[in-house]
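Notes to accompany the following structure.
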Amino acid sequence: MAVFQSLGHYFLFVWVVFSKPQQWRRFWKQWLYEVNSLGINSLPIIAIISMFIGAALTIQTAYNIDSPFIPLYAVGLATRDSIILEFSPTIISLILAGKVGSSIASELGTMRVTEQIDALEIMGVNSGSFLVLPKIIAALFINPFLVIISMFIGITGGWIFGVLAGVVSTTEFVYGLQSFFQPFYITYALIKTVVFAFLITSISSYFGYYAQGGALEVGSSSTKAVVYSSIFVLVLNYLLTQVLLS
Amino acid sequence: MIDIQHISKSFDGRVILDDISLVFEEGKTNLVIGSSGSGKTVLMKCLVSLYQVDQGQILYDGRDFTESSEEEKREIRKDFGMVFQGGALFDSQTVAENVAFPLEMFSVMQPAEMRDRVDFCLNRVNLSSAHDLYPSQISGGMKKRVAIARAIALNPKYLFCDEPNSGLDPKTSIVIDNLIQEITEEFNITTVINTHDMNSVLEIGQKIIYLNKGKKWWEGDKNSILETDNAEVNDFVYASELFKRIRRASHS
Ligand SMILES: Nc1ncnc2c1ncn2[C@@H]1O[C@H](COP(=O)(O)OP(=O)(O)OP(=O)(O)O)[C@@H](O)[C@H]1O
Ligand SMILES: [Mg+2]
């Protein structure tokens, strides 16, 4: 029962958040700030992780293809598809759930327990919409770029480290990249990314916004934000895969 | 004018406010006094609907606030200014940005006009020099004063101050008290102030409500409070050595 109650409460929260901003100039200012803080600031970690996962994927695939019947260019192909389909949209979103989710929840939680949210409400500001909408819209906008960058770096990493490790040649890898390419995979990845971006920002905001008590509770709401965002990203990943790829 | 009719509020079965009715008058500094934990903050938060009352009505110049929708509440709240007990400044913004915030959200002022207004408000609380500092870089008393500047930025019709001068030195306290009384009279604001500072009570107590055990225990003003024979009010007023001595002096 409590689960459904929380779920209802969450949907109500989202409904309030999606009301028209009271002050558009302020909204865009905040949006730009969030694009930078939630998106651009995550670039370094995304680049590093993508590079090394791409490398590991390539080398593992190459070692696993032991059969003379499978051509070596399959390494490029397999790396490409795993990165586009699963690694970049899902794993990067999970990493963002940790990084962005905890920062959103602790920011809003702190504002809640120090009465800053009450202060907004008293002024006549719709605090939910004012604080959360720019974050959600910013993530919906910037996360697809992050994921495309991650794909690019992941594949490049696989290629460079694969060649350095001597498991595949540039010609084979690039030939593999170009074979059997399905543009829909990119669409599929971006659909997932956008859904995950929404889940991460809205769930984390929910836990932060309704934090209660003091610093300790802000910490635990931030933990909950990360746990629940991650779980819902994984569940939705499964559901979307079923729906979109079957 | 704020008209409060029979409001009650409990938390988990613990009654904090018990059937309170009173009127806060326009153009006056209305003080709510009472010992720590007597429910002053809860009463104020019920007034502005941060807490829902269990029963009763709150009328803002005839507009029923308790029955209003979120949308209507937001409209009425644009006439509010509030100073929280803890300041509640936005810590991601500088002092000047904090004061400018309500202006940016709800006024049609041009940037230059806004800057003037911010300077004016900060001047009135003696804080022109703190302009570009962040809340984490200023003292507790300064935060209080910034909160006051922010609350008066938009010329509110109703001003709520939860212990505006706790944490301030006696001199600044008087400056703040006088400032609040001045703007209250000048702009005909309905001002509600929670305090347990006897100086403020005697300085600006144009109307005084004494809360005790969840009830409105006593009502009067700064003159009648010194003469009342209500035992609890006397306990409160003459708690400090200074006031005891004054009473002894005046009786001898
Ligand atoms: N959110 C809440 N949940 C439960 N109890 C609360 C809540 N807020 C206040 N109380 C209780 O209500 C009572 C009155 O608290 P309140 O903060 O109004 O006191 P106060 O008169 O403002 O005191 P002070 O002068 O110390 O600020 C206290 O006993 C407190 O425990
Ligand atoms: Mg209080």
Side-chain angles (χ1 to χ4, degrees), chain A residues 9 12-34 36-38 41 103-104 106-135 138 208-215 218, chain B residues 11 41 44-45 47-51 65 68-93 97-111 114 135-136 143 146-148 150-154 156-162:
Chain A
H9 198 207
L12 222 63
F13 172 71
V14 170
W15 174 253
V16 170
V17 163
F18 275 85
S19 10
K20 190 168 143 272
Q22 288 160 296
Q23 235 286 357
W24 283 100
R25 210 160 42 104
R26 194 71 214 199
F27 173 84
W28 290 117
K29 194 172 143 190
Q30 202 61 30
W31 176 82
L32 199 65
Y33 172 83
E34 302 292 0
N36 194 47
S37 112
L38 304 180
N41 283 346
S103 98
I104 289 180
S106 55
E107 178 193 336
L108 293 179
T110 304
M111 290 190 77
R112 168 63 74 191
V113 301
T114 56
E115 298 184 313
Q116 294 176 52
I117 292 184
D118 289 341
L120 284 172
E121 284 290 323
I122 289 304
M123 292 175 190
V125 176
N126 176 343
S127 61
S129 161
F130 178 81
L131 294 170
V132 178
L133 194 59
K135 295 186 198 299
Y209 190 83
Y210 289 110
Q212 239 171 18
V218 172
Chain B
F11 288 109
T41 300
M44 187 168 277
K45 287 190 174 175
L47 286 185
V48 297
S49 190
L50 285 175
Y51 293 150
F65 197 49
S68 303
S69 67
E70 280 303 308
E71 214 57 42
E72 290 165 330
K73 271 185 189 158
R74 251 171 238 139
E75 274 316 302
I76 297 182
R77 279 174 167 171
K78 286 177 191 167
D79 292 332
F80 286 6
M82 180 155 176
V83 179
F84 286 77
Q85 195 162 355
L89 298 180
F90 305 130
D91 15 71
S92 60
Q93 302 180 6
E97 284 165 352
N98 263 281
V99 179
F101 183 85
L103 304 174
E104 271 185 45
M105 286 302 289
F106 298 117
S107 80
V108 289
M109 287 184 189
Q110 295 302 308
M114 238 182 256
S136 59
K143 281 183 198 160
V146 177
I148 293 170
R150 184 176 69 181
I152 61 174
L154 264 182
K157 271 176 79 174
Y158 314 98
L159 181 60
F160 304 92
C161 305
D162 199 352

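Residue numbers begin at 1 in each chain, while the letters A, B, ... track the order of the sequences.
In this structure, the portions of B:D91 lying under 4.5 Å from any heavy atom of chain A include both its backbone and its side chain. Contacts of B:F106 with chain A are made by side-chain atoms alone, with heavy-atom separations under 4.5 Å and no backbone atom involved. Using a 4.5 Å cut-off between heavy atoms, B:L89 contacts chain A through its backbone alone, with no side-chain atom that close.
From B:S92, atom OG reaches atom CE of A:M111 across 6.0 Å, with rounding to the nearest 0.5 Å. Summarising the geometry, atom NZ belonging to B:K78 is positioned 6.0 Å from atom CD belonging to A:Q22; distances are rounded to the nearest 0.5 Å. Rounding to the nearest 0.5 angstrom, the gap separating the CD1 atom in A:I122 from the OH atom in B:Y158 is 13.5 Å.
Around atom CH2 of A:W15, no more than 12 heavy atoms belonging to other residues, nucleotides or ligands sit under 6.0 Å away. For A:F18, the CZ atom is densely surrounded, since the number of other residues' heavy atoms within 6.0 Å is greater than 12.
When all heavy atoms of B:R74 and A:G124 are compared, the pair lying nearest together is CG-O, 3.1 Å. Here the shortest heavy-atom pairing between A:A119 and B:R150 reads CB-NH2, 3.7 Å.
Listed for the A:Q23 side chain is a donor-acceptor partner under 3.5 Å among the backbone atoms of B:E104.
Residues B:F84 and A:T114 fail the side-chain proximity criterion, which asks for heavy atoms closer than 4.5 Å.
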With ring-ring contact (aromatic ring centres under 6.0 Å, His included) as the test, would you mind laying out the steps for A:F130 and B:F101 before giving the verdict? CA-CA 12 Å; A:F130 178 81; B:F101 183 85; 5.4 Å; yes
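Interface remark: of the candidates B:M82, B:E70, B:K73, B:E75, B:M82 forms the most heavy-atom pairs closer than 4.5 Å to chain A.
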